[in-house]
There are 2 protein chains.
Amino acid sequence: MKNTGEEIDQTDLTWHQAGMARQTQKRTLETRARLVAVASDLVAQGGYTAMRIEEVVQGAGVAKGTFFSHFKDKDALMDLLIGARIDAYLDELEAAEPPQTIEDLVKLQLPLLQFMTSERYVFDVILRLSGAAAVSDVGPIAMTFERYIAIARRWFEVGTFRTDVSADLLAEGMQAFVAQALALNFCALHGDQTLSQRLVPYLRAWLQPGE
Amino acid sequence: MKNTGEEIDQTDLTWHQAGMARQTQKRTLETRARLVAVASDLVAQGGYTAMRIEEVVQGAGVAKGTFFSHFKDKDALMDLLIGARIDAYLDELEAAEPPQTIEDLVKLQLPLLQFMTSERYVFDVILRLSGAAAVSDVGPIAMTFERYIAIARRWFEVGTFRTDVSADLLAEGMQAFVAQALALNFCALHGDQTLSQRLVPYLRAWLQPGE
DNA sequence: CTCCTAAATTGACCGTGGTCATTTAATCTT
DNA sequence: AAGATTAAATGACCACGGTCAATTTAGGAG
């Protein structure tokens, strides 16, 4: 995003008069890094639900207002932290061999799904940030959702699954079933089954109908 | 839920000594009714997002604490208000002829879906309350989700849809796709399509594979 | 009617996310 | 180096959901 502006004739203009923004100070990056590091630590200790902005700024040795000049709101920080975790799981999915059976498909994703349901709050944040209201604020989590679809699409292009509909549609459908299964995981009425148990019948009916 | 306690021998015990709770006062019901009425009015005026507990109690002429002795939290009130609206839409679905085509299926549900996406906040509340963490607090919205599945199941039992999997699975799958479509409705990257446009391909692939 | 108990109500208070006018610090200009 | 200009940081303040010890009120018991 940065430094992509076009070249500007500076012969009779200072770069400021030409409308260039003054460059970000080193201080800024340090402060931001400290905020993220402290937040990360706090999450490691007490989980996402318990993280408090007040504690983050105290730990980073800055005022509360400083936090909000670095992040739009608390969600933006969560977006970053949770998005990074999801990305790491997607790295593993991408590195793995494309799954050939429904069971493999579920098994491969299980670590990611378990992270997503590790705290109710985490799941809520993910749902809230999985789609961006404006193109300009597509955040880390929203990016991971795009990425997830892209990875799944590749699996369905080469795999042993139905071919009467596009791999893209199959991927989006799987996403829908995964979200459903995760939601039901928090539900007392259906909480007895494991994620896999719930997911496999769905995906079999979706990806291999009539078999 | 009320007055379901078993009969108790009262020959030598007052009903109070027998452990019966003193009956709810008329006052209670009036206060609660007033709170709900005011809240309902406020929602009608400014939408769910803008509703403030402070305004509700002011309008009802009670103290703030009173609200929370009637409702566990703000969500509980929203559960009631939104649940009632959804129930009304489900009444219509139940009264209608079972849809025979995908297009009819979507068209029939459209009013409900438009309500669910009328405000981002409403959608978030619905997602949050659609499953109850404990059996004891299955609220109005959670009930409507059970009801929705039951209605859809009946459609799929008599309709012109695939029969290789249970009608129950079909219903739950449709729910998943509907949720997905609603979520994408708030997403800038996919916001150009209408709900129907998004939903029809999904449901065709799910309910009538290979046709 | 009066006393007594439990239900209902009160409102000051708290936790926490978020704002913004003001102050401080860095960097550019001359 | 001094002055000008913008970025960064500050912290008092607000909004709003939620709590709870204290108070009021309803209605049965005597």
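The chains referred to below are lettered A, B, ... by the order of the sequence lines, with proteins before strands, and numbering in each begins at 1.
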Task: Close approaches to DNA chain C from residues 68-77 of chain B, in residue order (heavy atom, under 4.0 Å) - done: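 Those residues whose heavy atoms fall under 4.0 Å from DNA chain C, taken from residues 68-77 of chain B in numerical order, are B/Ser69, B/His70.
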TODO: Return no unless some side-chain N or O of A/Thr28 is found under 4.0 Å from OP1 or OP2 of D/dA7.
DONE: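 No, A/Thr28 has no side-chain N/O under 4.0 Å of OP1/OP2 on D/dA7.
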Open item on the list: Less than 4.0 angstrom between a side-chain N/O of B/Thr66 and OP1 or OP2 of C/dA8, yes or no?
Closed with: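 Answer is no, no contact under 4.0 Å.
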- [ ] Please examine the side chains of A/Glu55 and A/Val38, heavy atoms only from C-beta on, and report whether any two atoms are closer than 4.5 Å.
- [x]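 No, their side chains stay 4.5 Å or more apart.
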To the nearest Å, how far apart are [X] [atom1] and [N] [atom2]?
X       : N      : atom1 : atom2 : result
A/Leu35 : D/dA8  : CG    : C1'   : 12 Å
B/Arg34 : C/dT9  : CZ    : C1'   : 11 Å
A/Lys64 : D/dC14 : NZ    : P     : 14 Å
A/Phe67 : C/dT19 : CZ    : C1'   : 14 Å

Task: Nearest atoms (heavy-atom pairs only) where A/Asp79 meets A/Gly139 - done: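 Answer, listing the atom of A/Asp79 first, then A/Gly139: OD2-CA, 3.4 Å.
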TODO: Could you pull out all residues at least two apart from A/Pro99 that satisfy side-chain contact (heavy atoms from CB on, under 4.5 Å)?
DONE: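 A/Pro99: side-chain contact (heavy atoms from CB on, under 4.5 Å) contacts with A/Asp104, A/Leu105, A/Leu108, A/Trp155.
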- [ ] Just grab all the ring pair (Phe, Tyr, Trp, His ring centres under 6.0 Å) pairs involving residues 110-130 of chain A, residues at least two apart or on different chains.
- [x]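 Counting only pairs at least two positions apart or across chains, the ring pair (Phe, Tyr, Trp, His ring centres under 6.0 Å) contacts touching residues 110-130 of chain A are A/Tyr89-A/Phe115, A/Phe123-A/Phe186.
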Task: side chain to side chain donor-acceptor pair (under 3.5 Å) partners of residues 169-182 of chain A, not counting sequence neighbours, each pair once - done: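 Residue pairs passing side chain to side chain donor-acceptor pair (under 3.5 Å), neighbours aside: A/Glu172-B/Tyr202, A/Gln175-B/Gln180, A/Gln180-B/Gln175.
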Open item on the list: Per the side chain to side chain donor-acceptor pair (under 3.5 Å) rule, what does the pair list look like for residues 123-139 of chain A, sequence neighbours excluded?
Closed with: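 Residue pairs with at least one partner in residues 123-139 of chain A: A/Asp75-A/Arg128, A/Arg120-A/Asp124.
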Task: Those residues of residues 49-61 of chain B lying under 4.0 Å from DNA chain D by at least one heavy atom - done: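 Only B/Met51, B/Arg52, B/Ile53 qualify.
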- [ ] Name the orientation class of the two ring planes belonging to B/Phe156 and B/Phe161 (parallel below 30°, tilted from 30 to 60°, perpendicular beyond 60°).
- [x]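 Rings of B/Phe156 and B/Phe161: perpendicular, as their planes differ by over 60°.
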Open item on the list: Pick the closest DNA chain D nucleotide for B/Gly65 and for A/Arg27 by heavy atoms, then say which residue is nearer the 5' end.
Closed with: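 Taking each residue's closest nucleotide, the earlier one in sequence belongs to A/Arg27.
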Open item on the list: Please determine whether side chain to side chain contact (heavy atoms under 4.5 Å, CB included) holds for the pair A/Met51 and A/Leu77, giving the CA-CA distance in whole Å, both sets of side-chain angles, and the decisive distance to 0.1 Å.
Closed with: CA-CA 11 Å; A/Met51 198 253 268; A/Leu77 174 59; 3.4 Å; yes
